[in-house]
2 protein chains.
Amino acid sequence: MSEVTKPGGTRAIARDAVRARISEVALDLFDEHGFDNVTVEQIAAAVGVSPRSVHRYFPAKEDTVIGDPAGWGEHVRDQLVARPSDEPIWDALLASYEALLATPGRNEAQGRKAMRVLGSTAALRARNLEKHLLWAHLLTPIVAERLDGDHRGLRAEAIVQASLACFDIALTAWAETDAEESSVELLRRSFGALQPTA
Amino acid sequence: MSEVTKPGGTRAIARDAVRARISEVALDLFDEHGFDNVTVEQIAAAVGVSPRSVHRYFPAKEDTVIGDPAGWGEHVRDQLVARPSDEPIWDALLASYEALLATPGRNEAQGRKAMRVLGSTAALRARNLEKHLLWAHLLTPIVAERLDGDHRGLRAEAIVQASLACFDIALTAWAETDAEESSVELLRRSFGALQPTA
DNA sequence: CCTGATCTGTCAGTCTCTGCCACTTGTGGC
DNA sequence: GCCACAAGTGGCAGAGACTGACAGATCAGG
């Protein structure tokens, strides 16, 4: 994503800008009226393009909120593989997620708004689930490699899914509180709930 | 559901039968051609009713596969509240899910087919997620009551979501294997993955 | 048999999403 | 500066899921 001065770049720049603008306008409308009460036609009108073009930038209405899942998933995976192999698996996962949350360049208010809208609409929760499944596919083999004993595949899947659940709960809680607590703090707390012994 | 000879019951019986028939036919079609490649019109034609009637029995196409989530969720909740209050929370949850899986009157082949179709389609996974959220809303307050210390709400949520993830993973694995292992066995194993210390 | 409630089908309409085609606009070569 | 080509855009038509309204059919109970 975002090459360094790609040949013929002005067009790509314009495209990215339009894409960001659609996403921004859509999020505002969703936050105000609710996802289901806003039509693609309204978004298009607010941005100043045709409904057809909105669908060219975003295959589905939900994608205006979710964004690009694959990129962040690979980021988490890279963090996880970089962890020392003798580290407890839960610590490694927690650290990987923390690195993601600590990534700069993320607008706090915008992020909260996105999470709020996301949590309040079934269609968006569904898209978020697909993102999690994508992440799980990336993380599970790595986790399985670090386990001993039988049934590593199943156990790795359980661990990854459970950790993703914690991640989600932490972000949801973070979106609902008013900046009183950091997302990292909430993430650690939800992770801690699964390990009363640690 | 299914009262004992409800007054004016013949109509209710017919209704339940038609409902079951639609669900059965739809599941077969989905399993053969894929969920997205089967239209409501085709299901209606195969059953012998109008498309409008199919939507009368099932608000959404996905509901023909998922069935009634609320009923089973309440069943699990009842199991959980009946557990001794000094039992470790994970044991109580495991036992509650086990009781659900052990419920008789569930066609094994039909169940596997439903889980197989469910796992292979995004729209159905989404509906399944909504079921889980419904269950989570029922179970979380009960779990929170059994916890000590701070942040019981968040911790209870993490525990419930993680346990539901285990439940789902076990059922998915069960649907993919060929009757070699019982669903209860797989459930215990996935639960065990989260408690290496126990 | 008749009355009223329930069930069903048909029709029209909304909304998301997808091809298709024509038109405009920016890009690069000459 | 001009021109061919690619990329972006808009309008149109259509599929498919779902909803509301209306009219006819069906069945329980008096």
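Please read all numbers here as calculations on a predicted model, not as lab measurements. The basis for the numbers below is simple: all heavy atoms, side chains too, and nothing from hydrogens, waters or symmetry mates. Sequence lines set the chain letters: A, B, ... in the order given, protein chains first and strands last, and positions in each chain run from 1.
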By salt bridge (charged side-chain N to carboxylate O under 4.0 Å, His left out), which residues pair with A/Arg15, not counting sequence neighbours?
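So A/Arg15 forms no salt bridge (charged side-chain N to carboxylate O under 4.0 Å, His left out) with any residue.
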With sugar-phosphate taken as primed atoms, P, OP1 and OP2 and all else as base, the protein-contact string of nucleotides 15-20 of chain D at under 4.0 Å (heavy atoms; B, S, -) is -SSBBB
Which residues share a ring pair (Phe, Tyr, Trp, His ring centres under 6.0 Å) with A/Phe30, sequence neighbours left out
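By the ring pair (Phe, Tyr, Trp, His ring centres under 6.0 Å) rule, A/Phe30 matches A/Phe35.
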Output every pair passing salt bridge (charged side-chain N to carboxylate O under 4.0 Å, His left out) with a member in residues 87-98 of chain A, not counting sequence neighbours, ordered by first then second residue.
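Listed by first then second residue: A/Arg83-A/Glu87, A/Glu98-A/Arg188.
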Contact list for residues 139-158 of chain A, test salt bridge (charged side-chain N to carboxylate O under 4.0 Å, His left out), sequence neighbours left out:
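Qualifying pairs, neighbours excluded: none.
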Once side-chain hydrogen bond (donor to acceptor under 3.5 Å, both in side chains) is applied, what residue pairs with a partner in residues 122-139 of chain A remain, sequence neighbours excluded?
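Sorted pair list: A/Asp63-A/Arg127, A/Arg125-B/Glu130, A/Asn128-A/Lys131, A/Asn128-A/Asp168, A/Glu130-B/Arg125.
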With sequence neighbours excluded, tell me which residues meet side chain to side chain donor-acceptor pair (under 3.5 Å) with B/Asp28.
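For B/Asp28 the side chain to side chain donor-acceptor pair (under 3.5 Å) partners, ignoring immediate neighbours, are B/Lys113.
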Would you list the atom pairs, donor with acceptor, under 3.5 Å between side chains in residues 49-56 of chain A and any protein atom, with sequence neighbours excluded?
| residue | atom | partner | partner atom | Å |
| --- | --- | --- | --- | --- |
| A/Ser50 | OG | A/Ser53 | N | 3.3 |

Can you pull every protein N or O that's under 3.5 Å from an N or O on nucleotides 4-8 of chain C?
| residue | atom | partner | partner atom | Å |
| --- | --- | --- | --- | --- |
| C/dT6 | O2 | B/Arg11 | NH2 | 3.3 |
| C/dT8 | OP1 | B/Tyr57 | OH | 3.1 |
| C/dT8 | OP2 | B/Tyr57 | OH | 3.0 |

